[in-house]
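These notes are about the structure you will find just below.
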Amino acid sequence: MKKSFKEKVYELCRAIPKGKVATYGQIARLADKPKAARAVGAYMRMNPDSPNTPCHRVVASDGSLTGYSGTGGVTGKKKMLLAEGVNFIGSRVNLSWSKWNN
DNA sequence: ATTTTGACTTAAG
DNA sequence: GCTTAAGCCAAAA
């Protein structure tokens, strides 16, 4: 049985512990395709507010919040992450403290 | 099958 | 720190 790349991506999104964040590149790497960061983002766009896929815990490689078609856009995403205990530096996530699987 | 597009990443100036 | 360029992946038309 082979799992599709996207299934792994969704599963990894769900696997991100509360209060932590992962980068697209990190997820892509864990999903067996280290260069598929763009594809990961594409899947996130498909499922921005699905209750099963907390895509808001996924950020860019430098901790900047990108995209997010959900409520409030990146602003809502930032607030959500703050509510989960993720530390922010200005408009970026402090990956030094909150990066998942680090 | 080909082209376009997109929530990416890294390197270089 | 910001901009430009190139690379790579998958879905949709």
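Scope of the values below: all heavy atoms of this structure, side chains included, with no hydrogens, waters or symmetry mates. Proteins come first, then strands; the chains are lettered A, B, ... in the order of their sequence lines, and each starts at number 1.
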Under a criterion of less than 4.0 angstrom to any heavy atom of chain A, what are the 5'-terminal and 3'-terminal contacting nucleotides of DNA chain B? B:dG6 to B:dT10
Do A:K20 and A:E84 sit within salt-bridge range, that is, some charged N less than 4.0 Å from a carboxylate O? no
Do A:V93 and A:L65 have side chains that approach each other closer than 4.5 Å (heavy atoms only, starting at C-beta)? yes
Student check: side-chain heavy atoms of A:V21 and A:L95 closer than 4.5 Å: yes
Rounding to a whole Å, what distance do you find between A:M46:CE and C:dA11:P? 7 Å
Could you give the NZ-to-P distance, from A:K33 to C:dA11, as a whole number of Å? 10 Å
What's the spacing between A:C13 SG and A:Y43 OH if we round to 0.5 Å? 11.5 Å
When rounded to the nearest 0.5 angstrom, what is the spacing between NE2 in A:H56 and CG in A:D49? 12.0 Å
Determine the contact category for A:A36: base if any of its heavy atoms lies under 4.0 Å from a base atom, sugar-phosphate if only primed atoms, P, OP1 or OP2 are that close, otherwise nothing. sugar-phosphate
With a non-hydrogen cut-off below 4.0 angstrom, is A:R92 in contact with a base, only sugar-phosphate, or nothing? sugar-phosphate
Quick check on contacts: within residues 63-90 of chain A, what sits under 4.0 Å from DNA chain C by heavy-atom distance? none
Step by step, work out the side-chain contact (heavy atoms from CB on, under 4.5 Å) result for A:R29 and A:K35. CA-CA 7 Å; A:R29 196 163 86 78; A:K35 305 292 177 63; over 6 Å; no
When you compare the side chains of A:N52 and A:S50, does any donor N or O come within less than 3.5 Å of an acceptor on the partner? no
Taking all heavy atoms of A:K77 and all of A:T66, pick out the closest pair and write down the distance. NZ-O, 3.8 Å
I need the minimum non-hydrogen distance between A:A28 and A:F5, along with the two atoms involved. O-CE1, 4.3 Å
Is the count of non-hydrogen atoms from other residues, nucleotides or ligands lying under 6.0 Å from A:R14 atom CZ greater than 12? yes
Step by step, work out the side-chain contact (heavy atoms from CB on, under 4.5 Å) result for A:W100 and A:V58. CA-CA 10 Å; A:W100 177 52; A:V58 186; over 6 Å; no
Paired stretches of DNA chain C - 3 or more consecutive Watson-Crick or G-U pairs, each distance under 3.5 Å: B:2-6 with C:9-13, B:8-13 with C:2-7
Can you check whether A:Y43 has a side-chain N or O nearer than 4.0 Å to OP1 or OP2 of C:dA11? yes
